[in-house]
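Chain letters run A, B, ... following the sequence lines, proteins first, then strands; residues in each count from 1. Hydrogens, waters and symmetry mates are skipped; everything else that's a heavy atom, side chains included, is used.
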2 protein chains.
Amino acid sequence: MPDSAIRPRKEFGKTIAADITHRLREEIIACALPPGEPLRFDVLRERFGASFTTLREALTALAAEGLVDAQEQRGFRVAPVSRQDLIEITDARVLVEVELIRRSIQRGDDDWEIAVISTLHRLKRIEQRDPEHPLRDPEWKIAHRQFHQALVSACGTATLLAIRAELFDRAERYRHLSANFRPRPRDKAGEHQAIMQAAISRNADLAVQLIETHIRSTADNVATYAAHLLDTE
Amino acid sequence: MPDSAIRPRKEFGKTIAADITHRLREEIIACALPPGEPLRFDVLRERFGASFTTLREALTALAAEGLVDAQEQRGFRVAPVSRQDLIEITDARVLVEVELIRRSIQRGDDDWEIAVISTLHRLKRIEQRDPEHPLRDPEWKIAHRQFHQALVSACGTATLLAIRAELFDRAERYRHLSANFRPRPRDKAGEHQAIMQAAISRNADLAVQLIETHIRSTADNVATYAAHLLDTE
DNA sequence: TCAACCCATATTTTCGAAAATCATACCGTT
DNA sequence: AACGGTATGATTTTCGAAAATATGGGTTGA
């Protein structure tokens, strides 16, 4: 079946709807679709080559994830940003991530340690190779995400992991929001290294403290350098 | 415009999709649609009088909430239940609810106290009036939900409240699952009273401890009396 | 001048037919 | 009998037209 010739665009997921959900999510997180932007069906239809209903399904899913704002009978728009929302996401992330790190440190086996070490290694390699602004490098983004994912991967609870993933996405959108205005990234490499060491040495209290600082200082940075985007809404 | 004559069914939400999402959610939580049940479009179409795409949108939303399981290209089914899932939901609820109770106790004003007291009062009235099995009484269900909602309503973070609401729904489904097999409800009235008093007297540590016990003992009850439904899956 | 109303247009929302995909039973071959 | 492939029916998934609803502008009347 030469289906790739007939329908070339179905990279992620088996259905078109799942595929578009994925692509839209990426664009919203990257702020290629800026916060508050109206999502009109005519435009999306042309952009993604899908029908009304398929797009509607994707937007509904993203609305449940908090990346899209559904206004009944008045369409959809990219979820707006606000200082309050950033604070709430940050607090929620700390609450969940701290719990998951503790569980992972308690339950993690050899494979977990290897995953943590190797994902950090890859992250550092990318940072060395290309000292540019990390958030503009798609590879860095993926590696960064995978390192943090690895840290909590041994927690043993899919429910909290799913919640964590949602919050991570929403937070990453804010990081992108400020990426264009942040003068130079702070020393994340050192922080990641310290977190890895605390985790591998099973020092849960230290790891938790480092993670909380990591999350909160990132959010503070965003709040500082994207201030002009957060208050005028 | 006599729209009620033309389209009588749009009780919750402005759009049909939102309405059906709501109705389906209720039925799944109440186990009127049992766990694992395939959700075929033909059947749903007749049951809810909506078209394929509208139903699809509703199911997609519920899948994001964890009440429906979407199997790509193979349709939807009511999310299955399992002992592990119950444990995870319970742990997640404790984590979130404890945080929200603390915040509410710290921030709650007079209106919050009034809401807590009055929702508990209504709950007790319903329990006195009708000593039957509470979970079979829709009024009790609503009052119970509203009491717990009131307790955390002053927390000041919509993000965590939304997560809490999702987890509450998923847990309530498990309560319904065991309701038909539980011989007699334990003394919830006393527990609720104690929680209310701890909250109003701003004794956060006690309130947190009571809530955790409340949530966990309910889950234990479910695990005991619905054991035959949790292991054979 | 201003508000209220109605109309025209833009946009969303819903529908059922049509296409794509999956599941099953059947058949032929080994 | 076991296996692999294929046709068939059942089901999901997608599409674009049509209905429903919102938006904006212009007119009227006070």
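Within the structure, ring pair (Phe, Tyr, Trp, His ring centres under 6.0 Å) contacts touching residues 141-160 of chain B (residues at least two apart or in different chains) are B:Trp140-B:His144, B:His144-B:His148, B:His144-B:His192, B:Phe147-B:His192, B:His148-B:His192, B:His148-B:His214. Evaluation of the salt bridge (charged side-chain N to carboxylate O under 4.0 Å, His left out) test over residues 106-118 of chain B, restricted to residues two or more places apart or in two chains, returns B:Glu113-B:Arg202. Applying the salt bridge (charged side-chain N to carboxylate O under 4.0 Å, His left out) definition to pairs two or more places apart or across chains, those involving residues 144-162 of chain A are A:Arg145-A:Asp169, A:Arg145-A:Glu172. Applying the salt bridge (charged side-chain N to carboxylate O under 4.0 Å, His left out) test to pairs two or more places apart or on separate chains, those with a residue in residues 33-51 of chain B are B:Glu27-B:Arg47.
Atom CG of A:Leu44 is separated from atom P of C:dT13 by 12 Å (rounded to the nearest Å). Atom pair A:Phe48:CZ and D:dG16:C1' shows a separation of 19 Å (rounding to whole Å applied). Residue B:Asp42 contributes atom CG, which lies 11 Å from atom P of D:dA10 at whole-angstrom precision. The CG atom of A:Asp19 sits 14 Å away from the C1' atom of D:dT13 (whole-angstrom rounding). For the pair A:Arg40 CZ and C:dT9 P, the computed distance is 18 Å after rounding to whole Å. One can place CD1 of A:Ile20 at 10 Å from C1' of D:dT14, the figure rounded to the nearest angstrom. The interatomic distance linking B:Phe76 (CZ) with D:dT13 (P) rounds to 6 Å, in whole Å. As rounded to whole Å, 9 Å separates atom P of C:dA23 from atom CD of B:Gln71.
Ion pairing between a basic and an acidic side chain is recognised when a charged N comes within 4.0 Å of a carboxylate O; B:Asp69 and B:Arg74 show no such pairing. Electrostatic pairing of B:Arg170 and B:Asp85 counts as a salt bridge here, judged by a charged N lying under 4.0 Å from a carboxylate O.
Candidate nucleotides C:dG16, C:dC22, D:dA22 were compared by shortest atom distance to the side chain of A:Lys14, and C:dC22 ranks first. Among the nucleotides D:dT14, C:dT14, C:dC22, the one closest to the side chain of B:Thr15 is C:dT14. Closest contact between the side chain of A:Ile16 and the listed nucleotides C:dT14, D:dT14, C:dT12 involves D:dT14. Comparing atom distances between the A:Ser51 side chain and each of D:dT13, D:dC15, C:dT14 picks out D:dC15 as nearest.
Taking the ring centre of A:Tyr174 as origin, the terminal cationic atom of A:Arg182 falls outside the region bounded by 6.0 Å and 45° from the ring axis.
Side-chain N or O atoms of A:Ser104 include one that pairs as donor or acceptor with a backbone N or O of A:Leu151 at under 3.5 Å. Although no hydrogens or angles enter the test, the distance criterion places no donor-acceptor pair under 3.5 Å between the side chain of A:Ser178 and the main chain of A:Ala226.
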Do any N or O atoms of the protein come closer than 3.5 Å to N or O atoms of nucleotides 6-8 of chain C, and which pairs are they?
none

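In this structure, A:Arg74 and B:Arg74 both approach DNA chain D, and ranking their closest nucleotides by distance from the 5' end singles out B:Arg74.
Contacts between residues 52-61 of chain B and DNA chain D, defined by a heavy-atom separation below 4.0 Å, involve B:Phe52, B:Thr53, B:Arg56, listed by number.
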